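Report on the following structure.
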Amino acid sequence: MFRTRLLSGIVLVVLALIFIIYGGSLLLLVLGIVSLIGMFELYRVFKVETSIGIVGYAAAVVYYLNMQFHFLPDVMLLIMAFLLVCMCCFVFGYPRFRISQIMAVFFGFFYVAVMISCIYLTRSLGNGTYLVWLIFLSAWGCDTSAYCFGMLFGKHKMTPKLSPKKTVEGAVGGVVGAFVLTIIYGFIFKNWMGADVSYIMLMAVVAIPGALVAMVGDLAASAIKRNYDVKDFGKLIPGHGGILDRFDSVIFTAPIIYYLSLYLFNR
């Protein structure tokens, strides 16, 4: 099991390197596909994957096409139209759908498609080629560091009812790990980024809220699975589960890193 998980993790990292370094339309296409798969996994848990969920998939496709071709003057038009269509389906299909299902479809679009798209938005920023990796350093770096610190020093349970294995010591270690990994990353690519020490330290500081939110993202996904009594969202990635099982922390971290990078590094 560990070997399978390790090999899958290596493949994921390699693919991430290829797509994110290349960027542009290829990255947007890949993120769009990942979003649709993730939405299907979530909608399957909510039991709307082949019914009202189709409206959510359509909204995601339009959202990603608009990011490429910019045919909507304001993305709020899409959001309002999406809500109206969902409510029309609820009203004219009554009593086929419950309002909880309508809310689940609306939630899934934002939770997966919109939040994951922040990877592309971060990559598109000035120096985004390097800043985008803060998302993964904060999310996956925190996860790995928290696991190691928790195994070595963990004593105090953080959320015993939700995730009994997670500890306060592990959480602290995860944040520290993300901070240190970002500093190391910054100094390795210092010359390519054209960065000085203060720039690198600011990157490391940005990684802190990224890591904190990553843990919330991980726990939020666990809470959804516990609510619906499922172990994994899917089986697409051997040893890891589904797309959402691997990207649960990234989903939360991507918007935080994007907006912090937008306002701190692109003035």
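What you see is a predicted model; the values in this text were computed from it and never measured.
Between Met201 and Val197, some side-chain heavy-atom pair lies under the 4.5 Å cut-off. Met203 has its side chain out of reach of Leu260: every pair of non-hydrogen atoms, C-beta onward, lies at least 4.5 Å apart. Using a 4.5 Å heavy-atom threshold, the side chains of Ser51 and Arg96 count as touching. Looking only at side-chain heavy atoms (C-beta outward), Leu244 and Phe40 stay at 4.5 Å or farther from each other. Within the 4.5 Å cutoff, the side chain of Phe19 has heavy atoms near those of the Leu15 side chain. Here the side chains of Phe252 and Met215 are not in contact, with every heavy-atom distance at 4.5 Å or above. Side-chain contact between Phe82 and Leu77 is absent, with no heavy-atom pair separated by less than 4.5 Å. The shortest side-chain heavy-atom distance between Val250 and Ile116 does not fall under the 4.5 Å cut-off.
In this structure, CG on Leu36 lies 8.5 Å from OH on Tyr57, to the nearest 0.5 angstrom. A distance of 7.0 Å separates CG of Asp74 from CE of Met80, quoted to the nearest 0.5 Å. In this structure, the separation between CG on Asn66 and CG on Leu78 is 7.0 Å, given to the nearest 0.5 Å. The NZ atom of Lys235 lies 12.0 Å from the CD atom of Glu41; values are rounded to the nearest 0.5 Å. Taking OG of Ser145 as the start and CG of Leu137 as the end, the distance is 10.0 Å to the nearest 0.5 Å. Expressed to the nearest 0.5 Å, how far OH of Tyr43 lies from CD of Gln101 amounts to 12.0 Å.
Val14 and Ile119 fall within a single hydrophobic cluster, where Ile, Leu, Val, Met, Phe, Trp and Tyr are joined by side-chain heavy atoms under 4.5 Å apart, directly or via other members. A chain of hydrophobic side-chain contacts below 4.5 Å, direct or via other Ile, Leu, Val, Met, Phe, Trp or Tyr residues, connects Leu131 to Tyr263. Placement of Phe136 and Val34 within a single hydrophobic cluster is found when ILVMFWY residues are connected by side-chain heavy-atom separations under 4.5 Å, directly or transitively. Tracing side-chain contacts under 4.5 Å through hydrophobic residues (I, L, V, M, F, W, Y), one reaches Leu27 starting from Val132; they form part of the same cluster. The hydrophobic cluster containing Leu121 also contains Val61, counting ILVMFWY residues as joined when their side-chain heavy atoms lie under 4.5 angstrom apart, directly or transitively.
Across all non-hydrogen atoms, the minimal contact from Cys118 to Ile135 is O-CD1, 4.3 Å. Nearest heavy-atom pair across Ser249 and Ala214 is CB-O, 3.3 Å. Heavy-atom minimum distance, Ala207 versus Ala178: CB-O, 4.1 Å. Residues Gly174 and Ala211 approach most closely at O-CB, 4.5 Å, considering heavy atoms. Heavy atoms only, all atoms of each residue included: Ala204 and Phe179 are closest at O-CD1, 3.3 Å. A pairwise comparison of heavy atoms in Tyr111 and Ala221 identifies OH-CB, 4.0 Å as the closest pair.
Looking only at distances, no side-chain donor or acceptor of Gln68 sits under 3.5 Å from a matching main-chain atom of Ser25. A donor-acceptor distance shorter than 3.5 angstrom exists from the side chain of Arg44 to the backbone of Phe233, with no hydrogens or angles considered. Listed for the Lys157 side chain is a donor-acceptor partner under 3.5 Å among the backbone atoms of Pro164. In this structure a side-chain-to-backbone donor-acceptor pair under 3.5 Å is missing from Ser163 to Thr159. Within the 3.5 Å criterion, the main-chain N or O of Val114 finds a donor-acceptor partner in the side chain of Ser117. A donor-acceptor pair under 3.5 Å is formed between the side chain of Thr253 and the backbone N or O of Gly210. Judged by distance alone, with hydrogens and angles left aside, the side-chain atoms of Asp245 form a donor-acceptor pair with the main-chain N or O of Gly242 at under 3.5 Å. No donor-acceptor pair under 3.5 Å is formed between the side chain of Trp192 and the backbone N or O of Ile188. Side chain of Arg123 to main chain of Ile20: a donor-acceptor pair is present (N/O by atom type, distance under 3.5 Å, no hydrogens or angles).
Counting non-hydrogen atoms of neighbouring residues, nucleotides and ligands closer than 6.0 angstrom, the CZ atom of Phe71 exceeds 12 such neighbours. Heavy atoms of other residues, nucleotides or ligands lying less than 6.0 angstrom from CZ of Phe110 number more than 12. Atom OH of Tyr259 sits in a sparse spot, with 12 or fewer heavy atoms from other residues, nucleotides or ligands closer than 6.0 Å.
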Determine whether Phe265 and Val206 satisfy the following criterion, side-chain contact (heavy atoms from CB on, under 4.5 Å), listing intermediate values before the conclusion. CA-CA 10 Å; Phe265 298 110; Val206 166; 4.0 Å; yes

Under the side-chain contact (heavy atoms from CB on, under 4.5 Å) rule, what do Met158 and Glu169 come out as? Steps first, then yes or no, please. CA-CA 9 Å; Met158 185 167 65; Glu169 292 81 3; over 6 Å; no

Practice item. Take Glu49 and Leu42 through the test side-chain contact (heavy atoms from CB on, under 4.5 Å) and record every step on the way to the result. Key: CA-CA 8 Å; Glu49 75 276 18; Leu42 187 64; over 6 Å; no

- [ ] Apply side-chain contact (heavy atoms from CB on, under 4.5 Å) to Val112 and Met39, showing your working.
- [x] CA-CA 6 Å; Val112 183; Met39 289 174 68; 3.8 Å; yes

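Residue Asp248 is tested with Leu219, Ile224, Asp218, Ile243 for a side-chain contact (heavy atoms from CB on, under 4.5 Å); the sole match is Asp218.
A centroid separation of 6.0 Å or more is found between the aromatic rings of Tyr64 and Tyr120. Residues Tyr228 and Phe46 bring their aromatic ring centres within 6.0 Å.
A salt bridge is absent between Asp196 and Lys190; no separation between the charged side-chain nitrogens and carboxylate oxygens falls under 4.0 Å. Classification of Asp143 and Arg246 as a salt-bridged pair holds, one side-chain N sitting under 4.0 Å from a carboxylate O.
Counted by atom type alone, Tyr199 and Asn127 present one or more donor-acceptor pairs between their side chains at under 3.5 Å.
Between Phe109 and Tyr63, the ring planes are perpendicular. Angles over 60° get that label, and only those under 30° would be called parallel. Between Phe149 and Phe153, the two ring planes are tilted [angle within 30° to 60°].
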